[in-house]
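Worksheet for the structure shown next.
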2 protein chains.
Amino acid sequence: MARPRSDIKPSAIIAGATRVIASQGLSASTAAIAKESGVSNGSLFTYFETKADLLNKLYVELKTEMAEATLEGLTDDRDLREQALRVWSQWLNWATSYPEKRRTLALLNVSDDITAESQQTASRAMTEVRKLLNRVSENGPMRDTPLEFRLSLMNGVAEATIQFMIHDPADADTHCTAGFEAFWRMTV
Amino acid sequence: MARPRSDIKPSAIIAGATRVIASQGLSASTAAIAKESGVSNGSLFTYFETKADLLNKLYVELKTEMAEATLEGLTDDRDLREQALRVWSQWLNWATSYPEKRRTLALLNVSDDITAESQQTASRAMTEVRKLLNRVSENGPMRDTPLEFRLSLMNGVAEATIQFMIHDPADADTHCTAGFEAFWRMTV
DNA sequence: AATTAATGACTGACTGGACAATCATTTAAG
DNA sequence: CTTAAATGATTGTCCAGTCAGTCATTAATT
């Protein structure tokens, strides 16, 4: 009976926040985010209760999008190494193709107003990656370490590789492959 | 002829800032830092021109301290692997022994008011580590990648290991060794 | 079909609080 | 007695979140 909520604005705000935070950091003002999103600063608060709420939703959104890009087209009827390489490439490709999303996500990863709940939701999106890593490494030299540790190491190598790909884009593909080989030697 | 500057206060402020920033993040107020350091908020600005200046000095101080702890007692008359393991252990041991310093340093590492100059000063403190890594990896599978890339990967694996050691302190030593072995397989 | 009532989204000026940095005084050292 | 450090109250700025008024949409009534 009343004016319905826009289904455009929430996603416009999410997109605007991604851009503004990528360039200004997490201290970007809600006013700046609203302006970039083409929305009044008042409206921002009809779709997101607080700034922290916006940051949490943004975090889950970006992480989910990353996970989907990473897992796209994955089938388990192939060689394990081939599957792992595909996931790896798609992961790093997403990160370097959307530098603003990747930078904002990196900032949110170390922010303290991301709740444990949001982190849990986000990590659920990565379940398939975890499973694949387990299959890949279950007979390797790290078989006796916690899977979480192996995941953490893989993440560390991937992040380092991404950073270097961004820093030296001309040879991005070479670095991507070299990063995968390093991960594989380490794990399998 | 005038009242001399205290040689205690600057270091007290550095130490206080480390503690407050570890617990409150980089947005900790200068007033809170001054209070924690036992100094009036006015005095903080007689020793550090601006908050950014304080953060830069703090960054260089912590990074230098970390480098010194990492390199302590290193001699090049031994087996390369032994040297590398020693450096690795001392690095990770420092990081887990001083969680506040490590957390504050981690925050400063991604802050945008750390100048390029500070980063350069800090990285100069790590020259010996770079040299050692080069000797360790110059005949390994990554010999054709940029040394900076190898350094970035080593850093990634070390950070991941540190995080996991902090997360599961009971088995810290095991994780430290497992991390080193992973690094070694990857690099050598 | 035309009119009106009800609802809640939209807007941007505004508020209250927090913070970095300053400054007038006071204190201590040479 | 001179100089500069020490102090904490103060200042100007910025920002998250609020709010009173406006406007778009739908449902009910004629």
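Atom set for the values below is all heavy atoms of this structure, side chains included, hydrogens, waters and symmetry mates excluded. Each chain gets a letter, A, B and so on, in the order the sequences are listed, and its residues count up from 1.
Between A:Glu100 and A:Arg103, none of the side-chain N atoms (NZ, or NE/NH1/NH2) sits under 4.0 Å from a carboxylate O, so this pair counts as no salt bridge. Salt-bridge check for A:Arg81 with A:Glu181: passed, with a basic side-chain N closer than 4.0 Å to an acidic carboxylate O. Here B:Arg19 pairs with B:Glu36 in a salt bridge; the nearest charged N to carboxylate O distance falls below 4.0 Å.
In this structure, B:Phe48 CZ and B:Leu54 CG are separated by 5.0 Å, a value rounded to the nearest 0.5 Å. Between atom CE of residue B:Met142 and atom CG of residue B:Leu147 there is a gap of 10.5 Å, rounded to the nearest 0.5 Å.
As a whole-Å value, the separation of A:Ile33 CD1 from D:dC15 C1' is 12 Å. Distance A:Leu44 CG to C:dG12 C1': 14 Å, rounded to the nearest Å. In this entry the distance linking CZ of B:Arg5 with P of D:dA6 reads 8 Å, nearest Å. In this structure, CD1 of A:Ile8 is placed 16 Å from C1' of C:dC10, rounded to the nearest angstrom. Here the C1' atom of nucleotide D:dT7 and the NZ atom of B:Lys35 are 15 Å apart, to the nearest Å. As a whole-Å value, the separation of A:Tyr47 OH from C:dG8 C1' is 11 Å. What separates CD1 of B:Ile13 from C1' of D:dA6 is a distance of 11 Å, to the nearest Å. Spacing between atom CZ of A:Phe48 and atom C1' of D:dA16 amounts to 16 Å, rounded to whole angstrom units.
Contact annotation: A:Ser43 side-chain N/O to C:dT11 OP1/OP2 distance is under 4.0 Å.
At the heavy-atom level, A:Thr46 lies under 4.0 Å from the strands shown only through sugar-phosphate atoms. Backbone-only contact: A:Lys9 has heavy atoms under 4.0 Å from sugar-phosphate atoms and none from a base.
Applying the ring-ring contact (aromatic ring centres under 6.0 Å, His included) rule to B:Phe149 yields the partners A:Phe164, A:His175; only residues at least two apart in sequence or on another chain are considered.
The cationic atom of A:Arg102 (NZ for Lys, CZ for Arg) does not lie both less than 6.0 Å from the six-membered ring centre of A:Trp94 and within 45° of the ring axis.
Cluster membership for B:Leu92 and B:Leu74, using ILVMFWY side-chain heavy atoms within less than 4.5 angstrom, is shared.
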(message) What does the B/S/- profile of nucleotides 16-27 of chain C look like, 5' to 3', with a 4.0 Å heavy-atom cutoff to protein?
(response) ---SSBB----B
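For the residue pair B:Ser118 and B:Thr115, a side-chain donor N or O sits within less than 3.5 Å of a side-chain acceptor on the partner.
Contacts between residues 103-117 of chain B and DNA chain C, defined by a heavy-atom separation below 4.0 Å, involve no residue at all.
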